[in-house]
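Working notes, structure below.
The structure displayed is predicted, hence computed values, not measured ones. Residue indices begin at 1 and follow the sequence shown.
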Amino acid sequence: MVKPGGICPAAGYWKAACSITDIHRMPYFSRLILLLFCLMVLVESRKPKKRRWTGQLETSKPSHLYKKNLDVTKIRKGKPQPLLRVDDHDFTMRPAFGGPAIPVGVDVQVESLDSISEVDMDFTMTLYLRHYWKDERLVFPSTSNKSMTFDGRLVKKIWVPDVFFVHSKRSFIHDTTTDNIMLRVFPDGQVLYSLRITVTAMCNMDFSHFPLDSQTCSLELESYAYTDEDLMLYWKNGDESLKTDEKISLSQFLIQKFHTTSRLAFYSSTGWYNRLYINFTLRRHIFFFLLQTYFPATLMVMLSWVSFWIDRRAVPARVSLGITTVLTMSTIITGVNASMPRVSYIKAVDIYLWVSFVFVFLSVLEYAAVNYLTTVQERKQRKLQEKFPCMCGMLHSRTMMLGGSYSESEANSLAGYPRSHILTEEERQDKIVVHLALSSESNSSRKKGLLKGQVGLRIFQNTHAIDKYSRLIFPASYIFFNLIYWSVLA
């Protein structure tokens, strides 16, 4: 009970009970203090309660709408139990070490044939190389019999075949965006090991029929360290082990056939090794070389024949034409040889180009012969004209050559010549040029009969006889050469 005129005591820390009557009986100051006290208690009761820190993060309870999946990769407390017991075995040794040779199957999928280089005698190929073998050390329990797939990080911890490319110049494993390596392990220990590789390997090419040639190249696979007593390398599915993309194409070659072979390779210091071969045959497209080599060379030869129709007295025209065609043929030959290896045998294109060059060069020599013979004949004609001057009053004149078969009476009966100009025996043996005056039609007809009867009689005209023969001989010979060339190489 509260005494009259007194203050109600607080019940505990949080509550105070006073009757309204008792409050009215209190003094004014006491009632003010009591009111402030009640306000403080009310404010404290509305503040949120602070929890003590226990060192652990509070996690919300999972929703009943989602079912929690078990994480098999989660590391639990205590000793871990990995599915692949990699640390329990020595993987520096091959599987079944000391026993029979481990069989390793191989299959290849060719992604692209990037380039063929005649100068370096090599080719570049991108492929997927897959190995298949069984390793009892990688057996793991599985109720669903599903395989496990890993990237290249596990490859460094287990044994893998040491296959390399024989006669390779450069090779690398693609690493964009990560190393293109895949390792798949099955519960019974079967392993699939796949890589994406680009390799540049040597190819022995025969250019004797270039550019009408076919080349056969091989990519060779072999174990580097293990002989056939430790590792048996074989094609997993025979000829079906090699697959190619149908879109593979090359600019200069037609891919005719891909096939696989295998045999043993012997090294005197180490022994016998299993070697696998990826063989492919390429046939060259001829159309590019027809446009770039054969047609220009043929046109240059035909252009050199134009000089046979040019006047033999037009020295600058015929000489410049001949020199131009010779230099053009030299440029064509140099350009073809620059894109080819320096082989010691003759190629088919060399035969065609050099024969064409000889035809062009002979056309230049033909004009040199024509020009020389023309100069000699003109010199002799001038000498004879000085020795037998032309008589005045001649109605018609014609230049003619007399052979040594004419009679003395015919030579001495030349009208209009004085006795001092009668020919001697020695002069009749040489070919001479004289000017005859034809005074009547009878003399003209007699002269024509003389021209037909004498074997050594020739009429000089502006076109030399050699040019006439060359117009037929050169084209006929070149056409005959082309017929033989293309019939043999086709």
| With sequence neighbours excluded, what pairs up with L472 under the side-chain contact (heavy atoms from CB on, under 4.5 Å) test? | none

| request: Scan residues 314-343 for pairs that pass salt bridge (charged side-chain N to carboxylate O under 4.0 Å, His left out), counting only residues two or more places apart or in two chains. | output: R318-E366, R318-D467

| Distance in Å, S214 OG paired with H209 NE2, rounded so as to fall on 0.5 Å steps | 9.5 Å

| request: Heavy atoms only: give me the nearest I102-P95 pair and the separation to one decimal. | output: CD1-CG, 3.5 Å

| message | Are V108 and V110 packed together at the side-chain level, in the sense that at least one heavy-atom pair is separated by less than 4.5 angstrom? | response | yes

| Residues forming a side-chain hydrogen bond (donor to acceptor under 3.5 Å, both in side chains) with T260, sequence neighbours excluded | D239

| Which residue pairs satisfy the salt bridge (charged side-chain N to carboxylate O under 4.0 Å, His left out) criterion with at least one member in residues 168-179, sequence neighbours excluded? | D122-K169

| Heavy-atom donor-acceptor pair, E222 side chain to F164 backbone, under 3.5 Å | no

| said: So, using salt bridge (charged side-chain N to carboxylate O under 4.0 Å, His left out) as the criterion, who are the partners of K134 when residues are at least two apart? | reply: E136

| 4.5 Å side-chain heavy-atom contact, Q190 and Y132 | no

| field | Salt-bridge criterion met for R284 and E118 (N-O under 4.0 Å) | value | yes

| Taking the side chain from T293 and the backbone from L290, do they hold a donor-acceptor pair closer than 3.5 Å? | no

| query | For T200, what residues pass the side-chain hydrogen bond (donor to acceptor under 3.5 Å, both in side chains) criterion, not counting sequence neighbours? | reply | T124

| request: Using ring pair (Phe, Tyr, Trp, His ring centres under 6.0 Å) as the criterion, point out the one residue from Y193, F97, W133 that pairs with W159. | output: W133

| Can you list the steps and then say if S251 with F288 is a side-chain contact (heavy atoms from CB on, under 4.5 Å)? | CA-CA 10 Å; S251 59; F288 171 80; over 6 Å; no

| field | Side-chain touch F210/V343, heavy atoms, less than 4.5 angstrom | value | no

| field | Contact check, side chains of H131 and L195, non-hydrogen atoms, under 4.5 Å | value | yes

| request: Please report the closest heavy-atom contact between Y226 and L231, naming both atoms and the distance. | output: CB-CB, 3.6 Å

| request: Please list all pairs passing the salt bridge (charged side-chain N to carboxylate O under 4.0 Å, His left out) test where one or both residues lie in residues 348-358, with sequence neighbours left out. | output: K347-D350

| field | Sequence-distant partners of R94, side-chain hydrogen bond (donor to acceptor under 3.5 Å, both in side chains), two or more places apart | value | none

| request: Just say parallel, tilted or perpendicular for the rings of Y294 and Y485, cut-offs at 30° and 60°. | output: tilted

| query | Do you know which two heavy atoms are closest between V360 and M300, and how far apart they sit? | reply | CG2-O, 4.0 Å

| query | When the ring centroid of H174 is compared with that of F172, is the distance short of 6.0 Å? | reply | yes

| note | Residues passing the salt bridge (charged side-chain N to carboxylate O under 4.0 Å, His left out) test with D245, sequence neighbours excluded, are none

| Reported OG-to-CE distance for the pair S223 and M232, which is rounded to 0.5 angstrom | 13.0 Å

| request: Rounded to the nearest 0.5 Å, what's the gap from CD1 on I248 to CG on D114? Could you check? | output: 9.0 Å

| Taking every non-hydrogen atom, the tightest pair across P211 and I286 | CG-CD1, 3.5 Å

| field | Short side-chain to backbone donor-acceptor contact, R283 and Q256, under 3.5 Å | value | no

| How about F123 and F280: are their ring centroids closer than 6.0 Å? | yes

| message | Let me confirm one number: the OG-CZ distance from S363 to F308, rounded to the nearest 0.5 Å. | response | 5.5 Å

| field | Student check: side-chain heavy atoms of F357 and I332 closer than 4.5 Å | value | no

Without placing hydrogens or testing angles, list every side-chain donor-acceptor pair under 3.5 Å for residues 180-187, not counting sequence neighbours.
from: N180; atom 1: OD1; to: R196; atom 2: NH1; distance (Å): 3.4
from: N180; atom 1: ND2; to: T178; atom 2: O; distance (Å): 2.9
from: R184; atom 1: NE; to: T149; atom 2: OG1; distance (Å): 3.3

| request: Take S487 and L483 through the test side-chain contact (heavy atoms from CB on, under 4.5 Å) and record every step on the way to the result. | output: CA-CA 6 Å; S487 61; L483 291 176; 5.7 Å; no

| said: How about CD1 on I346, more than 12 heavy atoms from neighbouring residues, nucleotides or ligands closer than 6.0 Å, or not? | reply: no

| Nearest 0.5 Å, what's the NZ-CG distance between K243 and L127? | 15.0 Å

Which side-chain N or O atoms in residues 324-331 pair as donor and acceptor under 3.5 Å with protein atoms at least two apart or in another chain?
from: T324; atom 1: OG1; to: S320; atom 2: O; distance (Å): 2.7
from: T325; atom 1: OG1; to: L321; atom 2: O; distance (Å): 3.2
from: T325; atom 1: OG1; to: G322; atom 2: O; distance (Å): 2.7
from: T328; atom 1: OG1; to: T324; atom 2: O; distance (Å): 2.8
from: S330; atom 1: OG; to: V326; atom 2: O; distance (Å): 3.0
from: T331; atom 1: OG1; to: L327; atom 2: O; distance (Å): 3.0

| message | I want to check something: taking the side chain as every heavy atom from C-beta on, are S262 and Y234 in contact at a cut-off of under 4.5 Å? | response | no

| note | Those residues at least two apart in sequence (or on a different chain) that pass ring-ring contact (aromatic ring centres under 6.0 Å, His included) with F207 are none

| field | Nearest heavy atoms of A297 and Y352, plus distance in Å | value | CB-CE2, 4.3 Å

| Neighbour count >12 (heavy atoms, 6.0 Å) for atom OH, Y345 | yes

| note | Between L233 and L221, the two heavy atoms sitting closest are CD2-O, 4.2 Å

| said: I need the L282 CG to C203 SG distance, nearest 0.5 Å. | reply: 7.5 Å

| field | Heavy-atom side-chain contact between W235 and V106 under 4.5 Å | value | yes

| Criterion ring pair (Phe, Tyr, Trp, His ring centres under 6.0 Å) against Y273, the qualifying member of Y224, F266, Y267 | Y267

| task | Taking the side chain as every heavy atom from C-beta outward, state whether S304 and F361 have any pair of such atoms under 4.5 Å apart. | result | no

| Judged by atom type as modelled, is there a donor-acceptor pair below 3.5 Å linking the side chain of W272 to the main-chain atoms of T227? | no

| said: Ignoring hydrogens and geometry beyond distance, is a side-chain donor-acceptor pair present between D107 and Y128 at under 3.5 Å? | reply: no

